[in-house]
Structure formats: structure tokens, C-alpha cells
Amino acid sequence: MEQFKKVLLEATKEAGKIIQQYFQGSFNIENKEGINNLVTEVDKHSEKAIIDIIRKNYPEHSIISEEVGEMLQESDYQWIIDPIDGTVNFAHGIPICCVSIGLKHKEELLLGAVYNPMMNELFFAEKGKGAYLNDKPIKVSSKTNFAKACLVTGFPYKWPNSSEHPIRVFERFILEGLPVRRLGSAAIDLCWVACGRFDGFWEYNLSSWDVAAGYLIVQEAGGRITNFDGEPYSVFDKETLATNGHIHEDMLRLIRNKK
Ligand code: IPD
Ligand code: CA
Ligand code: CA
């Protein structure tokens, strides 16, 4: 495990260095699907640096990474990479973006790291060994009073589903009088729940690379993470609810619009 951790941190820090180097500088920006779903040359540069480090050390492992997609092999180990989470923020010079890398063995996440170099914040967790921010242990908040909770969410660029639009769910939280923030980086949202800045986070339609590392970091910080039916979470789920545990049922009630 020590060797996995070393490689994870080396890749995370190298990507962070690249992100910071280009931050608020000039770089090429392209659209993916839709005009606001962006990818920059820095996403690709960061991704290449991460994959090169992993490949050099573990050529037999599988990789899922946002821009290059799946590089699957006959291995129980899978690295799940978001080379920049919060690309829209990054492209606008907003310092809320990060690199996120998780390592999964079969169905279990072993390690996760989320690094925002602009804020010099490196979140890390190892299965069964706790969660850390810059090497100091972190815990979710202890707030039990839902009426005083501070929350965060995000929205998909497109909502093809015929079901209720996420903005309606957001509306219910706002009408309840709760402060709800929207930072633009799901990985950072999860880490900020893990360290107690937020009491809860929910979002629809995230991808495995957005959540893999943050999922383990929340769990190891003592938080609870489920889908919107309150069932056990998988990084491939399309519904993500992460909380300090105490306000989980209250959030589920509002998301599902139950009295
Ligand atoms: C996005 C961010 C954002 C979330 C989007 C994601 P990207 O990731 O995590 O907070 O709302 O759904 O796609 O595109 O910046 O890596
Ligand atoms: Ca992302
Ligand atoms: Ca990304």
C-alpha cells in the first residue's frame, strides 16, 4: 500500500504543479458537448503527466480518465482520474479547481487524493486509516440541527431526463431558508464536506472521476454517502448525497420531496 500511496501522491502533485503553472495564464480552450462543457490543453497536459507516472509504475493496471476514457486491462486495480475538476473555474481564473485521483481494487476504493494547488490544499484518504488535509486528520462537522446546515450542490450542463429538473430540488432547499453554495467542482465539494466546511452535498449525473477520491475522503472523515434512495453508494451512481451523517435523512426528505 505504501508504494501505491507514493505513486498516487507523486501523480497528484505533478498534476497540481501543471495546473498551478498555467492558472490565470493563457492556454487553448475547446468545447466538448455543449458550449459550456470545456476542456483546456491543461486538462490534457495534466492527464498525460498522471497517466505516464501510473503507467511507468503499474503498466498492468486499468485506468479510467475523463479525457482519454477507459484503458481497461485484466487487472483488479483501477485508477480513476479527473485531471482537472472544475475546468470552467480554471478557464475563468477562479481558484476552485483541483486534480482528483482514486485507486480502486475490485469494488473497494483503497486510496484517494484531491489537490487544489491554488489554495495549497491536499486532501488524502486511505481505506480504514482516516482522511487528511495537508497531513492533518479531518472530520465531518458535528452539526445535528438541519435548519442551521450549510450545503453545496452542482448542476449538470444538460438535463435530458424527463424527471424533475435538479433546479426544482435546489428551490426546495432555498425555500427552506438554507444557505446552498455552488462551487463548480464536485471533488472539492466532497472534500469540503469531509473537513466540515459544508454539512452536506448533493448532485445528479456526476461521473466516476468526479467522485472516486472524494467518496473515500468523505467516508474516512466519518461522513455518510448514498444515492437518493439512501442506498449504499457506488462511484458509478448517478445520484450523490454526502453529508456529516446527522442531516442525511433531512436532506433525503427534501430531495425526494417527502413531508
Ligand atoms: C464538473 C464539476 C462540476 C459538476 C459537473 C462536472 P469538470 O467537472 O465537478 O462541479 O457540476 O457536473 O462535470 O468538467 O470540471 O471536470
Ligand atoms: Ca469533473
Ligand atoms: Ca475534468
Side-chain angles (χ1 to χ4, degrees), residues 11-12 15-16 18-20 22-23 27-51 63-70 79-102 112-119 121 123 151-161 165-167 169-170 173 180-194 197-198 200-218 225 228 235-242 255:
T12 304
I18 293 166
I19 294 169
Q20 186 154 39
Y22 283 90
F23 184 65
F27 42 80
N28 191 39
I29 305 175
E30 290 162 32
N31 298 319
K32 295 203 271 189
E33 315 119 24
I35 54 168
N36 285 315
N37 194 356
L38 308 179
V39 58
T40 73
E41 64 179 294
V42 190
D43 293 72
K44 292 177 187 167
H45 193 6
S46 165
E47 183 171 66
K48 182 171 183 318
I50 297 165
I51 292 176
I63 290 176
I64 301 181
S65 186
E66 181 171 12
E67 311 307 336
V68 295
E70 291 186 338
W79 297 80
I80 306 181
I81 303 164
D82 195 337
I84 301 182
D85 186 55
T87 294
V88 173
N89 285 345
F90 178 77
H92 290 83
I94 299 166
I96 299 183
C97 43
C98 60
V99 45
S100 170
I101 309 177
V114 170
Y115 180 34
N116 175 353
M118 279 68 66
M119 293 180 73
E121 291 196 330
F123 293 88
L151 308 175
V152 64
T153 189
F155 296 94
Y157 296 110
K158 279 196 198 158
W159 186 249
N161 307 18
H165 192 281
I167 197 73
V169 179
F170 178 72
F173 281 92
V180 185
R181 302 292 179 254
R182 198 268 201 249
L183 298 185
S185 161
I188 290 179
D189 294 335
L190 287 165
C191 289
W192 286 23
V193 170
R197 292 177 189 158
F198 292 123
F201 162 68
W202 85 97
E203 187 161 345
Y204 293 83
N205 283 3
L206 291 170
S207 299
S208 59
W209 46 79
D210 300 314
V211 295
Y215 166 34
L216 183 65
I217 292 167
V218 166
I225 180 159
F228 296 161
V235 294
F236 301 105
D237 267 333
K238 288 291 154 200
E239 302 171 342
T240 306
L241 173 63
I255 290 169

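We count ligands from 1, going down the list as the structure has it; atoms in each ligand are counted the same way. Everything numeric here is computed off the predicted structure, so don't read it as measured data.
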With a heavy-atom distance limit of 4.0 Å, tell me whether [X] approaches ligand 1 through its side chain, its backbone, both, or neither.
X: A186; value: both
X: N205; value: neither
X: D85; value: both
X: W209; value: neither

With sequence neighbours excluded, give me every side chain to side chain donor-acceptor pair (under 3.5 Å) pair touching residues 82-94. D43-T87, D85-S185
Check whether the ring centres of Y22 and H45 lie less than 6.0 Å apart, and answer yes or no. yes
Tell me whether T40 contacts the main-chain N or O of V42 through its side chain, where contact means a donor paired with an acceptor under 3.5 Å. yes
Check salt bridge (charged side-chain N to carboxylate O under 4.0 Å, His left out) between E239 and all other residues, then give those that pass, not counting sequence neighbours. none
Applying salt bridge (charged side-chain N to carboxylate O under 4.0 Å, His left out), can you list everything that pairs with K238, at least two apart in sequence or on another chain? none
With heavy-atom distances below 4.0 Å as the criterion, list the atoms of ligand 1 near T87. 15 (O)
Output the list of atoms in ligand 1 that are nearer than 4.0 Å to some heavy atom of G86, sorted by atom number. 7 (P), 15 (O), 16 (O)
Excluding waters, how many protein N/O/S atoms sit closer than 3.0 Å to the Ca ion (ligand 2)? 3
Quick one: nearest non-hydrogen protein atom to atom 14 (O) of ligand 1, plus distance? E66 OE2, 4.0 Å
